[in-house]
Each structure stands twice: as structure tokens, then as C-alpha cells.
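Right, one structure below, let's go through it.
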Amino acid sequence: MSKYALSGVMAVFLLAGCAGSSTPDEAPPPPSMSQDDACGAKALNDYVGQRADGETVGQLETDSAVERVRVIRPGQAVTMDYRADRLNVKLDDEDTIVELTCG
């Protein structure tokens with residue numbers, strides 16, 4: 001193998017190593033749920049224990065500063081994507097609010 005061919009192969013490997021590095025223009029990874037209360041769930045803890053009827057959920061939507069409110073019932077399938085601008089309203093079997101979280 002000539003020295004020019006070897007240099008070309010080395011250059012390819014060096015450039016490949018740079019391809020995976022992040023740049024300042026890339027979005028940072030989403031924060032973990034324990035780090036952030038971006039949706040203001042903690043301020044809404046007075047709703048825990050209340051029945052999640054249409055009026056209560058509507059008031060949560062008004063009182064929260066988020067664009068999305070997701071009601072989650074026991075055993076319900078939900079997406080695992082983290083959205084800081086979404087309030088999760090977790091219910092028990094009797095539609096009582098048991099937890100409010102961001103995500």
C-alpha cells in the first residue's frame with residue numbers, strides 16, 4: 001500500500017470520529033423528569049385527591065401554563081417521549097387524581 005493510500009485511509013477514520021460529536025447548534029437531550037418542573041406540576045398539587053371530571057381537568061388546563069394536559073388512567077398505554085410543556089394527570093381506578101407530573 002502506498003503512503004498516499006495509507007494517508008487517505010487514516011483521514012477517513014479521523015473524519016469518521018468527528019462525525020459523532022455534537023455542535024452548539026444541536027438541541028440538547030431532554031431533561032430527566034426529576035430535574036425539571038417546567039410544566040408547573042408542583043404548584044398544582046392541590047388538585048391531587050380531587051375527582052378528574054371535565055370541570056376539574058378544564059380548570060387544570062386553565063391554571064397550568066402548558067399547552068398540553070394528558071390524562072392517564074391505570075393501565076393506559078402512553079408514549080414515552082418527554083415534553084416539558086405537557087402536564088400529566090395520573091388517575092386511579094375511580095378517576096381520582098393521584099399525581100401530577102411534567103412530561
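If you read the sequence from its start, that first residue is 1, and numbering goes on from there.
Under a 3.5 Å cut-off, the side chain of Thr96 and the backbone N or O of Asp92 do not form any donor-acceptor pair. Judged by distance alone, with hydrogens and angles left aside, the side-chain atoms of Arg51 form a donor-acceptor pair with the main-chain N or O of Glu94 at under 3.5 Å. Judged purely by atom type and a 3.5 angstrom limit, Arg83 has no side-chain atom pairing as donor or acceptor with the backbone of Gly103.
With a 4.5 Å cut-off on side-chain heavy atoms, Thr79 and Arg70 count as touching. Residues Val78 and Lys90 form no side-chain contact, since every pair of their non-hydrogen atoms from C-beta on lies 4.5 Å or further apart.
For Gln76, the CD atom sits in a packed shell: over 12 heavy atoms of surrounding residues, nucleotides or ligands are nearer than 6.0 Å. Enclosure of atom CG in Asp93 is not indicated, since only 12 or fewer non-hydrogen atoms of other residues, nucleotides or ligands lie within 6.0 angstrom. Within a 6.0 Å radius of CD in Glu67, other residues, nucleotides and ligands contribute 12 heavy atoms or fewer.
Taken to the nearest 0.5 Å, the CG atom of Leu100 stands 6.0 Å off from the CG atom of Asn45. From Ile72, atom CD1 reaches atom OG1 of Thr101 across 6.0 Å, with rounding to the nearest 0.5 Å.
Across every non-hydrogen atom of Gly40 and Cys102, the tightest pair is N-SG, 4.1 Å. Smallest separation of non-hydrogen atoms from Val98 and Leu91: CG2-C, 4.0 Å. Across every non-hydrogen atom of Arg86 and Asp81, the tightest pair is NH2-O, 2.8 Å. Nearest heavy atom pair, residue Thr56 against residue Tyr47, reads CG2-CD2, 3.8 Å.
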